[in-house]
Amino acid sequence: GAGVSQSPSNKVTEKGKDVELRCDPISGHTALYWYRQSLGQGLEFLIYFQGNSAPDKSGLPSDRFSAERTGGSVSTLTIQRTQQEDSAVYLCASSPTTGGADTQYFGPGTRLTVL
Amino acid sequence: QKEVEQDPGPLSVPEGAIVSLNCTYSNSAFQYFMWYRQYSRKGPELLMYTYSSGNKEDGRFTAQVDKSSKYISLFIRDSQPSDSATYLCAMSGRYGGATNKLIFGTGTLLAVQP
């Protein structure tokens, strides 16, 4: 079946502009995660959605970052007033279960470059 | 100090060699340990998953967890050029919010030379 998809695959923007990144999780997966991968930094947790529960936003680096998940499926990560340090690969993952350690399935990522 | 430490490499080995990849961690709350493989410009894919201490084998791959030493390993036997990728260790435990958020190492870049 279809895996996690993300769009766009690449995004180049100018400093100060807003960007929206989209994630389509695997159908039926209740949990959705956003991570950021910077060069030499590994993957950094940003935000977590689980069903209808309030999202865990503890990883968002600043109030310029926000995310929503509509209808328990598609998610959008928005970065306002982008800065050069926001340049990274943004990865989305989904998983089917709530207990234990879910197997997280990752999308290919969106490579964001802020000029 | 990072919660998870991983040597970034790069690690270069000849085809057929046994590869050993390692991570150390500081948070004793971690219970679930994973290894992901990431090819260039692709998302990570899960290779191995282990709960608590012990060994797990899957084909040419063996994962080991030593919770007393806070040390995990991934061994690749008979390495192939197709194994060339970045290998990321990841861990999770029980948190108040995101129960299953993964804490990743920085990844080790592996090159298997034909």
Side-chain angles (χ1 to χ4, degrees), chain A residues 3-7 9-10 21 23-26 29-51 53-60 67 88-113, chain B residues 1-10 21 23-25 27 29-52 56 58 63 65 67 72 85-109:
Chain A
V4 177
S5 61
Q6 293 186 245
S7 60
S9 55
N10 286 283
L21 312 179
C23 171
D24 282 88
I26 294 172
H29 281 193
T30 57
L32 187 147
Y33 305 78
W34 282 97
Y35 294 87
R36 177 168 70 175
Q37 187 173 30
S38 305
L39 193 61
Q41 296 297 315
L43 276 79
E44 171 193 14
F45 167 78
L46 297 177
I47 189 169
Y48 162 68
F49 295 91
Q50 174 55 59
S53 302
D56 181 339
K57 305 178 182 180
S58 60
L60 295 179
V89 177
Y90 289 83
L91 289 156
C92 174
S94 69
S95 63
T97 60
T98 59
D102 318 337
T103 296
Q104 297 185 23
Y105 298 86
F106 283 83
T110 293
R111 184 173 298 272
L112 175 66
T113 303
Chain B
Q1 184 185 2
K2 294 180 180 178
E3 279 190 284
V4 180
E5 298 279 357
Q6 183 175 10
D7 187 336
L21 304 166
C23 289
T24 59
Y25 64 95
N27 190 341
F30 290 143
Q31 300 179 58
Y32 305 97
F33 304 91
M34 285 141 267
W35 286 95
Y36 281 82
R37 178 175 62 195
Q38 186 175 26
Y39 292 112
S40 180
R41 295 191 173 257
K42 301 288 186 182
E45 57 176 324
L46 182 66
L47 267 183
M48 300 288 285
Y49 158 81
T50 309
Y51 171 68
S52 194
K56 186 171 185 178
D58 184 0
V65 174
K67 290 190 70 178
I72 71 169
T86 297
Y87 289 80
L88 300 150
C89 63
M91 310 176 188
S92 72
R94 292 234 169 244
Y95 302 90
T99 300
N100 299 309
K101 68 179 179 182
L102 296 176
I103 308 299
F104 282 85
T106 53
T108 299
L109 179 61

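A note on names: the letters A, B, ... follow the listed sequences, proteins ahead of strands, and every chain is numbered from 1. Values below: all heavy atoms of this structure, side chains included; hydrogens, waters and symmetry mates excluded.
Looking at A:Gln37, only its side chain comes within 4.5 Å of chain B, counting heavy atoms on both sides. Heavy-atom distances place the side chain of B:Gln38, and not its backbone, under 4.5 Å from chain A. Proximity to chain A is absent for every atom of B:Pro8, based on heavy atoms less than 4.5 angstrom apart. If you measure heavy-atom distances from A:Leu91 to chain B, the contacts under 4.5 Å come from the side chain alone.
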Check: Run the side chain to side chain contact (heavy atoms under 4.5 Å, CB included) check on B:Tyr36 and A:Leu43 step by step: do they pass?
Finding: CA-CA 11 Å; B:Tyr36 281 82; A:Leu43 276 79; over 6 Å; no

Notebook entry, point to check: What's the verdict on side chain to side chain contact (heavy atoms under 4.5 Å, CB included) for A:Gln104 and B:Leu46, showing C-alpha distance, side-chain angles and the deciding distance?
Noted result: CA-CA 8 Å; A:Gln104 297 185 23; B:Leu46 182 66; over 6 Å; no

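Note that the CG atom of B:Leu88 and the CZ atom of A:Phe106 stand 8.5 Å from one another [nearest 0.5 Å].
Annotation: B:Lys42, atom NZ; neighbour count of heavy atoms from other residues, nucleotides and ligands within 6.0 Å does not exceed 12. The number of heavy atoms from other shown groups lying within 6.0 Å of NZ (A:Lys57) does not exceed 12.
Within the 4.5 Å cutoff, the side chain of B:Ile103 has no heavy atoms near those of the A:Glu44 side chain.
Less than 6.0 angstrom separates the ring centroid of B:Phe104 from the ring centroid of A:Tyr35.
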